[in-house]
Chemist: 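Dropping a structure here in structure tokens format, bear with me for questions.
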Amino acid sequence: MSHNVESTAFRSAIEVIRAVEPRVADAIGAELADQRESLKLIASENYASPATLLAMGNWFSDKYAEGTVGRRFYAGCQNVDTVEALAAEHAKELFGAAHAYVQPHSGIDANLVAFWAILADRVESPALKKAQVRQVNDLTEADWFALRRELGNQRMLGMSLDAGGHLTHGFRPNISGKMFDQRSYGTDPATGLIDYDRVAEAAREFKPLILVAGYSAYPRKVNFRVMREIADSVGATFMVDMAHFAGLVAGKVFTGDFDPVPHAHIVTTTTHKSLRGPRGGMVLCGPELADQVDRGCPMVLGGPLPHVMAAKAVALAEARRPDFADYAQRIVDNAQALADGLLRRGATLVTGGTDNHLVLIDVSGYGLTGRQAEQALLDSGIVTNRNAVPQDPNGAWYTSGIRIGTPALTTRGLGTAEMDATAELMHTVLTQTSAGTGPDGAPSKAKYVLDPATAESVGKQAADLLTPFPLYPEVELG
Ligand SMILES: *Cc1c(COP(=O)(O)O)cnc(C)c1O
């Protein structure tokens with residue numbers, strides 16, 4: 001497609017919107033301008049292709065399609081069937097999975113679908129069988145009461161939050177923590193790495209129904225073969241949440257023991273992080289859990305979003321092209337160049353480096369909290385997010401870490417030389433920023449001091465770094 005066509009498509013769409021609510025049209029334009037100008041190092045973000053974005057903006061949004069392909073509760077779903085089947089087919093081929101469920105609206109939703117599929121398979125189905133009935137409506141009041149208690153009395157073992165795990169892996173503020181009795185495994189304090197012997201020990205003691213692997217802030221590979229062996233040794237269902245690193249699996253950077261799909265009973269993911277698709281989620285599994293997974297809507301999900309499934313089909317088709325593997329490798333090369341650049345300039349990195357798309361800097365060495373560092377970098381045109389480090393003394397709000405990731409900048413085309421330049425800019429900001437004090441003169445975890453001239457100069461250099469790599473070059477809003 002020529003650049004001209006894409007530009008015309010987005011311009012026309014914005015004009016149509018402008019005629020109804022100009023402030024929305026303006027905000028859409030402003031968002032593009034902001035994204036173009038910022039050096040985006042948010043590890044969970046990316047830039048989807050124009051084709052993926054355009055697949056979402058249409059009348060597929062108008063359709064109700066509860067059910068699954070060919071088995072809908074609504075009439076007239078033949079075109080939704082086409083895109084849902086395509087998205088699932090691409091996902092199965094791309095990841096080598098027996099079954100793909102592409103309806104989840106987000107990563108959290110995908111996890112809920114997976115949890116309930118496992119609970120249905122391992123707790124509800126045996127109870128129905130025992131009571132010799134086909135479905136829950138046929139249970140007596142007493143059996144139903146007992147089953148509900150049983151469903152609410154299951155255990156999950158997942159990675160601890162401060163070691164890089166995710167809130168949805170059984171932590172109290174999330175519904176998963178209210179559903180499950182949860183324990184977590186951490187990382188070795190000396191190396192920052194997962195200690196598989198400790199995970200095995202925790203599994204033996206705790207006997208979880210579900211063992212969860214996957215993370216949002218762990219900069220290393222996970223050996224899923226070993227994790228599966230641990231799960232098998234205690235009869236647990238092994239679930240992997242690959243929300244962050246799905247792009248590295250799709251691009252065959254993570255293979256063998258590090259590819260979760262052949263080892264896990266069930267895999268969940270987002271589609272918008274390193275996978276570079278629309279905002280959404282997905283579940284992959286073998287034939288054993290497929291029927292339960294397909295009950296995701298209306299079990300825990302609202303009606304499917306056909307426009308987003310259309311965009312998933314487009315993005316997954318893109319991820320099946322050979323150049324996606326090249327992209328995935330460049331994400332990791334860039335993360336390693338960024339890590340090396342920071343290390344050479346004296347930074348402390350959790351685990352001492354990275355072998356995926358993200359780097360976790362411990363900023364306590366600069367005398368800063370994560371929050372101070374995040375804000376000082378933002379003032380200087382560098383967008384990151386603060387993140388707890390293992391055993392973080394500053395807690396989950398202020399933190400002692402900065403998490404950075406390379407999927408987005410790699411999509412723009414930046415390479416290892418630009419990563420080194422980025423490390424230099426970050427080094428300048430972090431060494432030039434000092435912790436501020438509160439009104440009473442006491443040290444503050446939020447206030448900081450950075451010479452505005454330094455912030456401005458770094459911001460200018462960050463913008464210069466981006467100039468040769470225009471974002472959505474095919475889109476001119478004019
Ligand atoms: C981002 C993330 C999620 C949540 O995804 P949403 O689409 O925001 O719901 C779940 N699990 C992990 C590991 C993640 O990194």
Side-chain angles (χ1 to χ4, degrees), residues 40-46 48 52 56 101-116 118 156-171 173-177 179-180 182 184-185 187 194 210-222 224 227 238-250 254 258 260-261 264 266-284 296-297 300-302 304-305 308-309 311-312 315 331 335 354 356-360 384-388 396 401 403-408:
K40 183 157 91 176
L41 286 164
I42 302 215
S44 51
E45 291 189 7
N46 211 329
T52 297
M56 277 186 281
Y101 182 64
V102 298
Q103 292 187 9
H105 309 162
S106 74
I108 290 189
D109 296 17
N111 285 348
L112 273 177
V113 170
F115 296 150
W116 280 101
I118 296 166
M156 168 186 293
L157 179 63
M159 192 167 191
S160 73
L161 268 185
D162 72 355
H166 195 260
L167 206 62
T168 57
H169 301 174
F171 295 93
N174 180 259
I175 189 165
S176 57
M179 278 163 48
F180 289 99
Q182 197 262 22
S184 48
Y185 56 88
T187 46
I194 293 175
I210 308 177
L211 174 65
V212 185
Y215 53 78
S216 313
Y218 181 68
R220 295 293 177 179
K221 294 194 237 193
V222 176
F224 298 115
M227 291 296 279
F238 181 39
M239 167 172 158
V240 176
D241 178 353
M242 64 172 183
H244 254 260
F245 55 89
L248 304 183
V249 179
F254 286 179
F258 307 104
V261 180
I266 190 163
V267 176
T268 59
T269 186
T270 60
T271 47
H272 50 274
K273 297 183 182 176
S274 56
L275 197 52
R276 211 167 64 185
R279 190 154 289 282
M282 202 158 68
V283 181
L284 307 173
C297 166
V300 294
L301 298 176
L305 311 175
V308 180
M309 294 196 289
K312 285 173 183 170
I331 290 176
T354 180
N356 58 22
H357 64 296
L358 70 86
V359 176
L360 191 56
T384 66
N385 64 276
R386 66 185 185 280
N387 204 102
R403 185 187 69 165
I404 52 183
T406 52

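Counting convention: from 1, in listed order, for ligands and their atoms alike.
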Chemist: Could you go through Thr168 and Asn111, starting from their C-alpha distance and side-chain angles, then the distance that decides it, and tell me whether this counts as side-chain hydrogen bond (donor to acceptor under 3.5 Å, both in side chains)?
Modeler: CA-CA 7 Å; Thr168 57; Asn111 285 348; 2.9 Å; yes
Chemist: Consider every N or O of Asp109 and every N or O of ligand 1, then say whether any pair is closer than 3.5 Å.
Modeler: no
Chemist: Verify the distance criterion only: is there a donor paired with an acceptor across the side chains of Asp241 and His166 at less than 3.5 Å?
Modeler: no
Chemist: Give the residue and atom name of whichever protein heavy atom lies nearest to atom 2 (C) of ligand 1, and the separation in Å to one decimal.
Modeler: Lys273 NZ, 2.5 Å
Chemist: Quick one, Val261 with Leu284, criterion side-chain contact (heavy atoms from CB on, under 4.5 Å). Give me CA distance, side-chain angles, the key distance, then yes/no.
Modeler: CA-CA 8 Å; Val261 180; Leu284 307 173; 4.2 Å; yes
Chemist: Looking only at distances, can you tell me whether any N or O atom of Ala243, backbone or side chain, sits closer than 3.5 Å to an N or O atom of ligand 1?
Modeler: no
Chemist: Who's the nearest protein heavy-atom neighbour of atom 8 (O) of ligand 1, and how far?
Modeler: His272 NE2, 4.6 Å
Chemist: In the protein, what heavy atom is nearest to atom 6 (P) of ligand 1, and what distance, to one decimal place, separates them?
Modeler: Gly107 N, 3.3 Å
Chemist: Ring centres under 6.0 Å, that's the criterion: do Phe245 and Phe254 meet it?
Modeler: yes
Chemist: Which atoms of ligand 1 have any heavy atom of Thr270 under 4.0 Å away?
Modeler: 5 (O), 7 (O)
Chemist: Is it the side chain (CB and beyond), the backbone, both or neither of Arg279 that lies under 4.0 Å from ligand 1, heavy atoms counted?
Modeler: neither
Chemist: Give me the atom names and distance for the closest heavy-atom approach of Gly277 to Ala48.
Modeler: O-CB, 3.8 Å
Chemist: Can you sort out which atoms of ligand 1 are near Ser216, meaning under 4.0 Å from one of its heavy atoms?
Modeler: 12 (C), 13 (C), 14 (C), 15 (O)
Chemist: Just checking, is any N or O donor in the side chain of Asn46 or Arg276 under 3.5 Å from an acceptor N or O on the other one?
Modeler: no
Chemist: List the atom of Gly280, the atom of His272, and the distance in Å for their closest heavy-atom pair.
Modeler: N-ND1, 3.1 Å
Chemist: Is atom CG of Leu167 surrounded by more than 12 heavy atoms (other residues, nucleotides or ligands) closer than 6.0 Å?
Modeler: yes
Chemist: Compute the shortest N/O to N/O distance between Ser106 and ligand 1 and return yes if it is under 3.5 Å, no if not.
Modeler: yes
Chemist: Which of the numbered atoms in ligand 1 are under 4.0 angstrom from any heavy atom belonging to Tyr215?
Modeler: 13 (C)
Chemist: So that I can tick it off, tell me whether Glu45 and Lys273 are bridged by a salt bridge, with the cut-off set at under 4.0 angstrom between side-chain N and carboxylate O.
Modeler: no
Chemist: Is atom 11 (N) of ligand 1 in close reach of the protein, with a heavy atom under 4.0 Å away?
Modeler: yes
Chemist: I need the nearest protein heavy-atom contact for atom 13 (C) of ligand 1: residue, atom name and distance, please.
Modeler: Asp241 OD2, 3.2 Å
Chemist: Under 4.0 Å, heavy atoms only, figure out whether ligand 1 is touched by the backbone of Ile108, its side chain, both or neither.
Modeler: both
